[in-house]
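Since this is a predicted model, take the numbers as computed values, not measurements. In what follows, chains are A, B, ... by sequence order, proteins preceding strands, each numbered from 1.
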Amino acid sequence: MRLSRYFLPVLKETPSEAQIVSHRLMLRAGMIRQEAAGIYAWLPLGFRVLKKIEQIVREEQERAGAVELLMPTLQLADLWRESGRYDDYGQEMLRITDRHEREMLYGPTNEEMITEIFRSYVRSYRDLPKNLFHIQWKFRDEQRPRFGVMRGREFLMKDAYSFDLDEANARKAYNRMFVAYLNTFARMGLKAVPMRADTGPIGGDLSHEFIILADTGESQVFCHKDLVDMPAPGPNVDWDDLQAVVDQRTALYAATEEMHDQARFEAEAPEGARLSARGIEVGHIFYFGEKYSKPMKAVVAGPDGVERPVHMGSYGVGVSRLIGAIIEASHDENGIVWPDQVAPFKVGLINMRHGDEAVGAACEQAYAALTKAGVDVLYDDRDERAGGKFATMDLIGLPWQLIIGPKGLAEGVVELKRRATGERETLPLEAALTKLTAA
RNA sequence: CGGAGUGUGGCUCAGUCUGGUAGAGCACCGCGUUCGGGACGCGGGGGUCGCAGGUUCGAAUCCUGCCACUCCGACCA
């Protein structure tokens, strides 16, 4: 992509409404534009990142056996009356009336609808297990939206729903999502720690929040230090029996403020291993048994021919929130530092001297070669001074900067800079292209 | 939902207390000089001062109401 033809409205100054660093950087880097409180337009650069994250989430869900579908954003109020949540949900739910005076709502979540879909088709235990997910926009009319996309009213969420015959099998489904989440966040360059979460009226130990540690996190969290650097299990695990993998990560103490028990913390973690930090919740999984299947009559026949409500769980990832979380965890004084896997472009190509024939030719050559090799490259071909180009590239945080200018070319070299470390090297253009293509 | 605050060109803000017909920097347009980490000179365009009433000869400024947004706290991917 040529920057001269792209739509990248970067801001030199920090918009006054943005308080936390990820929000400021997203606005400055031209990723989002606020349209109303907690409601954002995704500008091209932000949209690219959103799609990358969405795709990683999708791939890891599918790897864990979940099947994608897409449910609508608008739902009928009657469906929510079946579960009893229409009246319970309160002001957070955006209620809408259509021209026929039918009561509808903009979905804040989809347990009711997925249960309705499931019960319409599935009759037998032989069809289980099932895990269905979608990645869809949600709306929760937050009393106080803030922190940019981290706590918006409209947000993109992946939500998966598992259906099993009994609790033992539901636990297996839960474990698959548990591991899928570890792998998902690791692929984004994040260190996510699973922490015990409130299970509500169901009880039990099957609810975890996945927390990214960041100084600007919204909640206080407590955990054993070893959990932070524990590597993700990766894809090569026995997806039918993950209990050992899960146990390894739930054995050590980890809890959010609401669930924190200082005495237990001190008993289970030696003093040097106790970590108290700020965290951002990027995922939440839980098992809720028959909570919806029972009132909504989602039943299957077991081997004995007797019908019983299915055991369900739900599993959410805040896709749009993740962008804010990643930036919180990965930035410096000059701007965003994207982890390679989620960067909107891999390479920023900087033409140091717009109008210089030799420099222009070298840039075109590099641009064509990288594009042909399938490397996402953003080519700054604008007539602007070098300082501004560097500032822009640093701000938007692409992993690599390929800098081509007259001074280097006179000696037959270009400059290659790694955004994350600031490392620079000068080398011949061909060598730089080879390196970038291989990286 | 309680508490605090802010709305003035695209952005950051001054002007409001003490009413007199709207400013700066950045950004944008033109010309020229520049050019390896956010250049400089000259010229130019752009704002019914959040909205609606009111007071006044005269309102960005004073009064009333409304709206939007932000921050702190209680709640959530």
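- If you check B:rG25 for Watson-Crick or wobble pairing at under 3.5 angstrom, you find it paired to B:rC11.
- At the heavy-atom level, A:E415 lies under 4.0 Å from base atoms of the strands shown.
- One finds a salt bridge joining A:K435 and A:E425 here, because a Lys/Arg side-chain nitrogen approaches an Asp/Glu carboxylate oxygen to under 4.0 Å.
- A donor-acceptor contact under 3.5 Å is not formed by the side chain of A:R28 with the base of B:rC11.
- When Watson-Crick and G-U wobble pairs are counted only if both distances are under 3.5 Å, B:rC17 pairs with no nucleotide at all.
- Centroid-to-centroid, the aromatic rings of A:F118 and A:Y292 stay 6.0 Å apart or farther.
- Among the protein residues, A:P406 comes within range of the nucleic acid bases, having at least one heavy atom under 4.0 Å from a base atom.
- For A:R146 against B:rU70, no side-chain N or O and base N or O form a donor-acceptor pair under 3.5 Å.
- Remark: A:K12 is in phosphate contact with B:rA27, judged by side-chain N or O atoms under 4.0 Å from OP1 or OP2.
- No aromatic stack links A:F390 and the base of B:rG38, using centre distance under 5.5 Å and interplanar angle under 30°.
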| said: Before you tell me yes or no, could you show the steps for A:Y174 and A:F286 under ring-ring contact (aromatic ring centres under 6.0 Å, His included), namely the whole-Å CA-CA distance, both residues' side-chain angles and the distance that decides it to 0.1 Å? | reply: CA-CA 7 Å; A:Y174 184 90; A:F286 46 93; 8.9 Å; no
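- The partner of B:rC51, taking Watson-Crick or G-U wobble pairs whose two distances both stay under 3.5 Å, is B:rG65.
- Side-chain N/O atoms of A:R385 include one lying less than 4.0 angstrom from OP1 or OP2 on B:rA39.
- Residue contacts for A:G324: at a heavy-atom cut-off of 4.0 Å it reaches no nucleic acid atom on any strand shown.
- The partner of B:rG2 is B:rC72, judged by Watson-Crick or G-U wobble contacts that both fall below 3.5 Å.
- Residue contacts shown for A:Q91 are absent, as no nucleic acid heavy atom lies under 4.0 Å away.
- Using a 4.0 Å heavy-atom distance criterion, A:T392 is classed as a base contact.
- For the side chain to side chain contact (heavy atoms under 4.5 Å, CB included) with A:M393, the lone residue among A:L398, A:V347, A:L349 that qualifies is A:L398.
- Between A:I327 and A:S22, the shortest heavy-atom distance links the atoms CG2-CA, 3.6 Å.
- Base engagement by A:Q143 is indicated by at least one non-hydrogen atom pair under 4.0 Å involving a base atom.
- Judged by Watson-Crick or G-U wobble contacts below 3.5 Å, the nucleotide B:rG30 has B:rC42 as its partner.
- As judged by a 4.0 angstrom heavy-atom cut-off over every strand, A:V282 is placed among residues touching the sugar-phosphate backbone only.
- Using a 4.0 Å heavy-atom cutoff across all strands shown, A:A36 reaches sugar-phosphate atoms only and no base atom.
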